[in-house]
Amino acid sequence: MLVFPSSIDLSSRTLRYLTGQLVARRREVGTRWRRLAAGRQALLVLAHLRCGDTYAQLAAGFGIGIATVYRYIREAVEVLATLAPTLREAMTTARAKAFVILDGTLLPIDRIAADTPYYSGKHKRHGMNIQVLTDPFGRLLWASPALPGSTHDLTAARTHGIVDALAEAGIKCWADKAYQGAGRHVRVPFRGRRLKRWQRRHNTTHAKIRCVGEQAMATIKGWRLLRKLRCSTNRITDVVKAVLVLHHATA
């Protein structure tokens, strides 16, 4: 396999943060020797998460085996996932905000037509549903565990306890039409074709507020691995959490 130099559009601060977490992990488990130093392992993991480089590409580039690449990536993802904020912690942060924006997105996966639970009729493809909370400026606050792509956004929000958490904390939330019926704390636009003028104005204002949340989706999709996941669906939640932690650590 041919090997060539490449780049990762992340700051050295991200690399230092992940390296520090991996050094602490190695001390915790008492590791004496590894094929790669912690800094090189961190670089490998970032290349996988940010650029979507495959195990084979990374193995060739770093001069190690594919199985070693798999272990290095899995270890780093698990370390980062344990540091991700919980929904309760996100609600504590959100109390200091004027409101939050709730939205859902589909992370594409490599599944076939027989995998019905993962097929999203809305997006016409297989994937995993995640729910995202952002602040009024579109900054990412929290991302939910992943559910099969056939899950409706409102069902997902209720399953994760987002609706109850918002009501309990008394936090105002803006969301799209998919969350109709979530309760008075979740504000959604009016539905229907024959709307009154004031309702149309309300929907326009609502859309201007809610569209800021798309910045968070762009942040998530900026990690190219999440544009087409080929790992086990059981690992996707940890991958999303790892990306969230890296984003918060370097924001």
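Sequential numbering from 1 along the given sequence is applied to the chain's residues.
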Donor-acceptor pair between Q131 and D103 side chains, under 3.5 angstrom: no
Polar side chain donor-acceptor pair, R16 to S12, under 3.5 angstrom: yes
Basic-acidic side-chain contact under 4.0 Å: E78, R74: yes
Distance in Å, K172 NZ paired with R184 CZ, rounded so as to fall on 0.5 Å steps: 10.5 Å
Donor on one side chain, acceptor on other, H152 and T155, under 3.5 Å: no
F190 and H202 aromatic ring geometry - parallel, tilted or perpendicular at 30°/60° bounds: perpendicular
Co-membership, hydrophobic cluster, residues V69 and L15, 4.5 Å side-chain: yes
In residues 213-222, what donor-acceptor pairs under 3.5 Å come from side-chain atoms, sequence neighbours left out?
from, atom 1, to, atom 2, distance (Å)
T219, OG1, Q215, O, 3.0
K221, NZ, T105, OG1, 3.4

Pair Y119 and H126, ring centroids less than 6.0 Å apart: yes
Under 3.5 Å: donor-acceptor pair, side chain of T14, backbone of L10: no
Chi angles and distances behind the side chain to side chain contact (heavy atoms under 4.5 Å, CB included) call for W174, L102: CA-CA 6 Å; W174 265 251; L102 171 63; over 6 Å; no
Straight-line distance of H48 NE2 to I73 CD1, nearest 0.5 Å: 4.0 Å
From I162 atom CD1 to I171 atom CD1, the distance as rounded to the nearest 0.5 Å: 12.0 Å
Same cluster (ILVMFWY, side-chain, under 4.5 Å), L46 and V240: yes
From L58 atom CG to L44 atom CG, the distance as rounded to the nearest 0.5 Å: 4.5 Å
Nearest-0.5 Å distance that lies between atom CZ in R71 and atom CZ in R34: 8.5 Å
Single-linkage hydrophobic cluster I101~L106, side-chain heavy atoms < 4.5 angstrom: no
Distance-only donor-acceptor check, side chains Y70 and E75, under 3.5 Å: no
Rounded distance [0.5 Å steps], CD1 in I236 versus OG in S232: 7.5 Å
R26 and Q41 side chains, donor-acceptor separation under 3.5 Å: yes
Carboxylate-amine/guanidinium proximity below 4.0 Å for D9 and R50: yes
